[in-house]
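This report refers to the structure that appears directly beneath it.
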Amino acid sequence: MLSIHLFNGLVYGALLIVMSSGLALIYGLRRVVNFAHGALYMLGAYIGYSVALHSNFWLALLAAPAAMAVVGLLLDRYGFRLLQDREPLTVMLVTFGLLLILEDLVAFIWGKGNHSLFTPDLLDFPVHLLGHEVPAYRMGVIAVGALVAVGLTLWLRLSKIGLYVRAASTDPVTTAMQGVDTDRTSAVVVGLGSALAGLAGVVAAPFLSLSPHMSSDVLIDSFVVVVIGGLGSLAGAFAAALLLGMVQAIGAVYMPGVSVLLPFIFMIAILICKPSGLAGSRT
C-alpha cells in the first residue's frame, strides 16, 4: 500500500505547487507575508462551486481564477501599494484581518455548513496504477500541478514581463531606474498569484470539503513550503511542495498521532541543515 500513499502525497504536493507558487511569487516581489492568500483559495473554491452548480466544472475552472485575479489586482492597488512603506507587521495584520473578513463573508453568503463539488464526468472513472485503482481526477490534479510549474518557469524565463519580475524581485530600485514600471509588474504578479490560489481552490473542491475555515490547513502548509523552499524561490517551492506532500501522506498513515506536527518538524529539520531553505541564498 506504500505506493498508494506516495501517490496521494504526490496529489497533495501538486495542489501545494499551485497554491504556494502564487504565495512565493507575491513574497518574492512584494516581500509581503500574505495571510489573505488562504482566503483567496477558499473564495475561489466557493465561486467555482456556485459556477459548477449552474453550469459545469470546466467553466468554474476558468471563472474562479479570473475572479480571484481581479481581487488580487484590487488587493495590490488598495492594499500592498498603499502599505509598501509600512512595517511588515502592519501589512501582515492587514492581510490577516482581510482573511477574517472574507471568511465571514463566505459564511454569510454560502452558510457555515460543508459543501462538496462533484467530480467532472470526464475524469470520474478509476485508473489502474501499480496494481491499484486510483481516481482519474487525482491524476488530473497532478497534471495541473505539473502544468503550473512548467508554465510559470517558462513565463519567468522566456517572457519580457518574466524578466521584469525576476529583476524587480532582486533589486526593485535599480529595476525602476531602468524604466520598468514596478507597480504594474507587482500588480501582474499579485493578480497571477491570486488567480493561482483560486485555481487551487477549484481543483481541491472535488476531493476536499468546502467550509468557511478551509483555508487554515492549506495556508499553513503553503507557508511551510515557501519557507522550506527558500523565501521567494519558485523552484524551491516546487520541490518543497512535493516533499511535504509525501511527508503528510505517509505521516497521516504511519504516524497519525503526530501528523499535525509533521510539517513543522520537517521544516525545522530542513532549516537546521540549510537555514536559507532548499533553493534560497544566504543573502
Side-chain angles (χ1 to χ4, degrees), residues 15-48 51 59-84 91-92 94-99 101-102 105-106 144-145 147-170 172 175-176 180-204 215 218-219 222-223 225-226 231-234 237-238:
L15 179 64
L16 286 178
I17 284 177
V18 182
M19 179 70 177
S20 61
S21 56
L23 199 60
L25 279 173
I26 293 173
Y27 182 85
L29 192 59
R30 277 297 191 188
R31 295 295 188 267
V32 170
V33 180
N34 182 21
F35 278 99
H37 203 70
L40 300 179
Y41 161 82
M42 170 196 61
L43 188 57
Y46 272 93
I47 290 175
V51 173
L59 182 60
L61 204 60
L62 297 175
M68 290 305 98
V70 174
V71 173
L73 293 175
L74 295 174
L75 178 61
D76 182 74
R77 176 62 183 85
Y78 299 103
F80 298 156
R81 192 178 302 180
L82 299 179
L83 297 172
Q84 61 184 350
V91 183
M92 185 176 66
V94 169
T95 59
F96 184 72
L98 182 59
L99 167 65
I101 291 172
L102 290 177
L105 178 64
V106 165
V144 170
L147 287 173
V148 167
V150 172
L152 285 177
T153 301
L154 293 177
W155 178 68
L156 288 172
R157 294 289 180 184
L158 303 179
S159 70
K160 182 179 291 187
I161 185 67
L163 174 63
Y164 294 162
V165 169
R166 287 187 288 132
S169 298
T170 303
T175 303
V180 176
D181 188 345
T182 54
D183 283 337
R184 179 175 176 271
T185 303
S186 297
V188 170
V189 167
V190 176
L192 177 60
S194 302
L196 289 173
L199 176 63
V202 179
V203 168
S215 63
V218 73
L219 179 63
S222 297
F223 275 124
V225 164
V226 172
L231 292 174
S233 170
L234 202 57
F238 295 157

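Just the heavy atoms: all of them, side chains too, but no hydrogens, waters or symmetry mates, feed the values below.
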Sidechain-backbone polar pair: Thr182 side chain, Pro172 backbone, donor-acceptor under 3.5 Å: no

Interatomic distance, Leu158 atom CG to Lys160 atom NZ [nearest 0.5 angstrom]: 14.0 Å

Test side-chain contact (heavy atoms from CB on, under 4.5 Å) applied to Asp181 and Tyr164, step by step: CA-CA 9 Å; Asp181 188 345; Tyr164 294 162; over 6 Å; no

Intermediate values then yes/no, side-chain contact (heavy atoms from CB on, under 4.5 Å), Leu73 and Val190: CA-CA 6 Å; Leu73 293 175; Val190 176; over 6 Å; no

Residue pairs fulfilling side-chain hydrogen bond (donor to acceptor under 3.5 Å, both in side chains) with at least one residue in residues 64-82, sequence neighbours excluded: Arg30-Asp76

From Arg157 atom CZ to Arg166 atom CZ, the distance as rounded to the nearest 0.5 Å: 5.0 Å

Phe35: ring pair (Phe, Tyr, Trp, His ring centres under 6.0 Å) partners, not counting sequence neighbours: Phe96, Phe223

Trace of the side-chain contact (heavy atoms from CB on, under 4.5 Å) decision for Leu196 with Leu152: CA-CA 11 Å; Leu196 289 173; Leu152 285 177; 3.9 Å; yes

For the student: nearest non-hydrogen atoms of Gly38 and Ser215, plus distance: O-CB, 3.0 Å

Beyond-backbone contact of Met68 with Ile47, side-chain heavy atoms, under 4.5 angstrom: yes

Note, Leu40 side chain near Ser194 side chain (heavy atom, < 4.5 Å): yes

Worked verdict on Leu199 versus Val148 for side-chain contact (heavy atoms from CB on, under 4.5 Å): CA-CA 10 Å; Leu199 176 63; Val148 167; 4.1 Å; yes

Minimum heavy-atom distance Ala204-Tyr41, with the two atoms named: CB-OH, 3.5 Å

Non-hydrogen atoms of Ala24 and Ala237 that approach each other most closely: CB-CB, 4.3 Å

Side-chain touch Leu61/Val51, heavy atoms, less than 4.5 angstrom: no

Beyond-backbone contact of Ile161 with Trp155, side-chain heavy atoms, under 4.5 angstrom: yes

Close side-chain approach of Val225 and Leu23, heavy atoms under 4.5 Å: no

Flag side-chain contact, heavy atom, 4.5 Å: Val33 against Val91: no

Main-chain N/O of Leu156 paired to Ser159 side chain as donor or acceptor, under 3.5 Å: no

Closest heavy-atom pair and its distance - Ala39, Leu99: CB-CD1, 3.5 Å

Atom of Val106, atom of Met42 and distance for their closest heavy-atom approach: CG2-CE, 3.7 Å

Which atom of Ile26 lies closest to which atom of Asn34, heavy atoms considered: CD1-ND2, 4.1 Å

Heavy-atom side-chain contact between Ser186 and Phe80 under 4.5 Å: no

Pairwise side-chain contact, Thr95 with Leu75, heavy-atom cut-off 4.5 Å (strictly under): no

